[in-house]
Amino acid sequence: MTVRILDAGPLTTVQDLGRPGHLRYGIPPSGPLDRESFRLANRLVGNADGAAALECTYMGPRFQVDRPCAIAVTGAAAPVTVNGVEAPRWTTLVLRAGDTVRVGAPRAGVLSYVAFSGGLDVPLVLGSRSTYARGRLGGLEGRALRPGDVLRVPDGPPPVVRALAPPPPVGGEAETRVRVVLGPQADRFTDEGLRTLLGSAYEMTRESDRMGARLHGPRIAHARGHDIVSDGIALGSIQVPGDGQPIVLLVDRQSTGGYTKVATVCSFDIGRLGQVKPGRKVVFTAVSVAEAHRLLRESDALLDGLLREETA
Amino acid sequence: MRFLPAGDLAVSVEFGEEISVEVNTRVRALEFLIREKGPAGVLEMVPTFRSLLVYYDPRQVGYDALCAAVAELVPQASTAVLPPARTVELPCCYDSELGLDLEAAALRLELPVAELVRLHSGAEYLVYFIGFTPGLPYMTGMPERIRLPRLETPRTQVPAQSVGIGGSQCCIYSVDSPGGYWILGKTPLRLYDPEAPDPILLRPGDRVSFRPIDRAEYERIAAQVEARTWRPVIA
């Protein structure tokens, strides 16, 4: 069957769980910013977690399907309508041929995910269907969707209606707390600078994208200069250039860079960070590597629990 | 050598804070050894001038166990373990239209343009690592005589495939991007081609040389690259 894009929204891309293994050539992993919401969307339509689906930033798309199929919308608190009638998120929606779906602007959160039973069929590029728009790689012709695009979906399993109740909260908190591990260059900052990072609230700005979240707040003081001999940039690296403002590097990040990195946001909090609207605040809490690994196992178990619940 | 945590999924193995062939060789040798020996839980690695970023799966291996497994390989990480380097010849058109700063750089260096081209194309360059944008090589090997500080005001847009110099480094832009190097010329080859089965031309450790070509040859090769009939000279 096919999905015809009527309106695309400002940034709607095809993603799967990403393209690991190519950072040594400067190619980022891409994939969804909020992996948890993405995986749950796929589960709700009976797909494997890594099937290709849509990631929508801010306003989602309006699209029409030409055959019966099942979809699910997760992530940000965005209104969903089918043929103009409001429909629930975090639930399998069974569509008939000719139905038109619209994902609106989120009341809370930023990123919505739309999964289709069977998964979106775009070519595998370096082992992945994820779009890396800056590098014109993967997804649909290496770019964000446009009105008039048509996406193919192979026939999926017959739809089984599943729902997550209550759905996990996404976005909307006055302050979003994210856990960080200090380093790799924490020693290039003054004690005062580290206290500023951990004791202040930073505002998400409009310049943020899939490459990096640019935050604004009290200046983080360097001990000796903000330039280093370039080294690798991990997922969640908090780069602090000369202006003292933090940039958290994300899934479409550059692989290496020459600015000091004060700390690294833990992988399990990247999705929450990605869901923070411009103007909302982020606070950083430091944890040790061992503590981070314990929290990662907890986060895995929580997601597994949600996944089991909906399949039961 | 020190291990610096980079969040819950990566650790940076740092050999030093300077740019040198010696330090970078140890980094690339360690990457090679880890790939060969395959310690549990390593997912991928990013070599740079002076450190190796190791991505791992903490569900498979703990931080301390991973660091211990890597530390065991460090003493062997030297040139001796690396396979022979590839040599790659890049045709390069040094003319003042494609080489946006060719004349200004020659003037600043107090050299005739032809001498600047002779010196730049006469050297062999080592790819320290690939990074920043897809396929962009960080290279060393610049003759002392043509070293210049980077442009005071970086350009907001440098065309992909432009060949530039700055400080001790030579750079080839892989995609259109901002940049502060003095642009001496342009290669008709694509360092990053998202539509090719293997989108990246150069590899860490490659030895690169530039073959001066005129504008007519540039256009001829560019047409073959476009038609996907050009085979780069790699040995």
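Proteins get letters first, then strands, A, B, ... in listed order; numbering begins at 1 in each.
- Considering only heavy-atom pairs separated by less than 4.5 Å from chain B, the leading option among A/Gly138, A/Ala290, A/Gly135, A/Gly257 is A/Gly135.
- At distances below 3.5 Å, at least one donor-acceptor pair connects side-chain atoms of B/Asp8 with backbone N or O atoms of A/Ser267.
- Separation of atoms CD (A/Gln185) and CD (B/Glu17) is listed at 8.0 Å; rounding is to 0.5 Å.
- For a residue to count as touching a neighbouring chain, one of its non-hydrogen atoms must lie under 4.5 Å from one of that chain's; by this rule A/Leu182 touches chain B with the backbone only.
- For chain B, no part of A/Arg134 is nearby; none of its heavy atoms comes within less than 4.5 Å.
- The contact between B/Ile200 and chain A is made entirely by side chain atoms (from C-beta outward), counting heavy-atom distances below 4.5 Å.
- Of the charged side-chain nitrogens involved, at least one lies within less than 4.0 Å of a carboxylate oxygen, so that B/Arg2 and A/Asp187 count as a salt-bridged pair.
- For A/Arg188, the CZ atom is densely surrounded, since the number of other residues' heavy atoms within 6.0 Å is greater than 12.
- With a 4.5 Å cut-off on side-chain heavy atoms, A/Thr264 and B/Pro5 do not count as touching.
- The environment of B/Arg231 atom CZ is sparse: at most 12 non-hydrogen atoms of other residues, nucleotides or ligands sit within 6.0 angstrom.
- Within a 6.0 Å sphere centred on CZ of B/Arg228, heavy atoms belonging to other residues, nucleotides or ligands number more than 12.
- The two residues A/Ser230 and B/Phe129 make their nearest non-hydrogen contact at CB-CZ, 4.3 Å.
- When each of A/Pro20, A/Ala292, A/Gly21 is scored by its heavy-atom pairs under 4.5 Å with chain B, the top score falls to A/Gly21.
- The nearest pair of heavy atoms linking B/Arg50 to A/Val229 is NH2-O, 2.7 Å.
- Neither the backbone nor the side chain of B/Phe3 has a heavy atom closer than 4.5 Å to any heavy atom of chain A.
- Cation-pi check for B/Arg203 over A/Tyr25 is met; the charged atom lies under 6.0 angstrom from the ring centroid and within 45 degrees of its normal.
- For chain B, the nearby part of A/Leu126 is the side chain; its heavy atoms alone come within less than 4.5 Å.
- Looking only at heavy-atom pairs under 4.5 Å with chain A, the residue among B/Ser12, B/Ser51, B/Ser174 that has the most is B/Ser51.
- Summarising the geometry of B/Pro134 relative to A/Ile27, their closest heavy-atom pair is CB-CG1, 3.9 Å, with the distance given to 0.1 Å.
- For a residue to count as touching a neighbouring chain, one of its non-hydrogen atoms must lie under 4.5 Å from one of that chain's; by this rule B/Pro197 touches chain A with the backbone only.
- Residue B/Glu124 qualifies as enclosed at atom CD: its count of foreign heavy atoms under 6.0 Å is above 12.
- Smallest separation of non-hydrogen atoms from B/Gly7 and A/Val181: CA-CB, 4.0 Å.
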**OP:** In sequence, state the C-alpha distance, the side-chain angles, and the governing distance for B/Arg59 and A/Asp300, and then conclude on side-chain contact (heavy atoms from CB on, under 4.5 Å).
**Re:** CA-CA 10 Å; B/Arg59 299 161 188 98; A/Asp300 281 353; 2.6 Å; yes
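- Considering all non-hydrogen atoms of both residues, A/Leu296 and B/Pro58 come closest at CD2-CG, 3.4 Å.
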Original post:
Between A/Arg24 and B/Glu31, does a salt bridge (Lys or Arg N to Asp or Glu O under 4.0 Å) hold up when you go through it step by step?
Top reply: CA-CA 10 Å; A/Arg24 81 188 293 266; B/Glu31 186 203 17; 2.6 Å; yes
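- Under a 3.5 Å cut-off, the side chain of B/Glu44 and the backbone N or O of A/Leu23 do form a donor-acceptor pair.
- Checking side-chain atoms of A/Thr256 against main-chain N and O of B/Phe132 turns up a donor-acceptor pair under 3.5 Å.
- The CG atom of A/Asp231 sits 7.5 Å away from the CG atom of B/Leu53 when rounded to the nearest 0.5 Å.
- If you measure heavy-atom distances from B/Tyr63 to chain A, the contacts under 4.5 Å come from both the backbone and the side chain.
- In this structure, chain A has heavy atoms under 4.5 Å from both the backbone and the side chain of B/Ala6.
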